[in-house]
Amino acid sequence: VTNASGQQTVNVVLVPAVPSIFTFTGVASGPAAAENAVTLAIIDAATPLHAGDYVALYITGLGQAQTTTVTVGGQSCAGQYFFAGPVPSSEGLDQVNCQIPTGVSGAAVPVIVTANGRASNAATLNIQ
């Protein structure tokens, strides 16, 4: 960049995907911005997820990802209706839908989205 004040050179790294899960608190390890993908209930203490429920996670940074996976409590979160892609009505907002696996529960179960081998922040989900 060059202007009347001088010149500055900056290196910019471009990668196909760098996922990041939005959280309700703005803290990277906080509660994930998520809802029950069927009932549309916001996930919190009053409306937790259960094994077998489908969750919709709101993220950014999927970019041109060829492969996207999700783990919840260290287990694969996939399911018949797995989806990872852009939200058509919101530029820069991505969504991942997956089915909560059996055997995970707790008020703050870690959830991680991985796209093209790059892992997101570890946000949390309330699963009972």
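All values below come from the heavy atoms of this structure, side chains included, with hydrogens, waters and symmetry mates left out.
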Tell me the closest heavy-atom pair linking [X] and [Y], and the distance in Å.
X: Val96; Y: Val70; answer: CG1-CG2, 3.4 Å
X: Ala65; Y: Ala17; answer: CB-CB, 3.9 Å
X: Ser120; Y: Ile21; answer: OG-CD1, 3.5 Å
X: Thr68; Y: Phe82; answer: O-CZ, 3.5 Å
X: Thr2; Y: Gln7; answer: OG1-CG, 3.5 Å
X: Asn116; Y: Gln66; answer: OD1-N, 2.7 Å

Heavy-atom distance under 4.5 Å between the side chains of [X] and [Y], does that happen here?
X: Leu49; Y: Val72; answer: no
X: Pro31; Y: Ile43; answer: no
X: Phe24; Y: Asp44; answer: no
X: Asn36; Y: Thr47; answer: no
X: Thr23; Y: Asn121; answer: yes
X: Cys98; Y: Val55; answer: yes
X: Val15; Y: Val13; answer: yes
X: Val38; Y: Asp53; answer: no

| field | Residues which pass ring-ring contact (aromatic ring centres under 6.0 Å, His included) with Phe83, listed by chain and number, not counting sequence neighbours | value |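 By the ring-ring contact (aromatic ring centres under 6.0 Å, His included) rule, Phe83 matches no residue at all.
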
| request: Go through the structure and list residues passing ring-ring contact (aromatic ring centres under 6.0 Å, His included) with Phe22, not counting sequence neighbours. | output: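 For Phe22 there are no ring-ring contact (aromatic ring centres under 6.0 Å, His included) partners, ignoring immediate neighbours.
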
Nearest 0.5 Å, please: how far is [atom2] in [Y] from [atom1] in [X]?
X: Cys77; Y: Ile112; atom1: SG; atom2: CD1; result: 12.0 Å
X: Gln64; Y: Leu62; atom1: CD; atom2: CG; result: 10.0 Å
X: His50; Y: Asn126; atom1: NE2; atom2: CG; result: 8.5 Å

| query | For the hydrophobic clusters of this structure (ILVMFWY residues joined by side-chain heavy atoms under 4.5 Å, transitively), does one cluster hold both Tyr54 and Ile59? | reply |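 Different clusters.
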
| field | Leu57 reachable from Leu93 in the ILVMFWY side-chain graph, under 4.5 Å edges | value |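 In one cluster with Leu93: Leu57, no.
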
| message | Checking the side chain of Thr60 only, and the main-chain atoms of Gly92 only, is there a donor and an acceptor separated by less than 3.5 Å? | response |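 Here the side-chain-to-backbone pair exists.
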
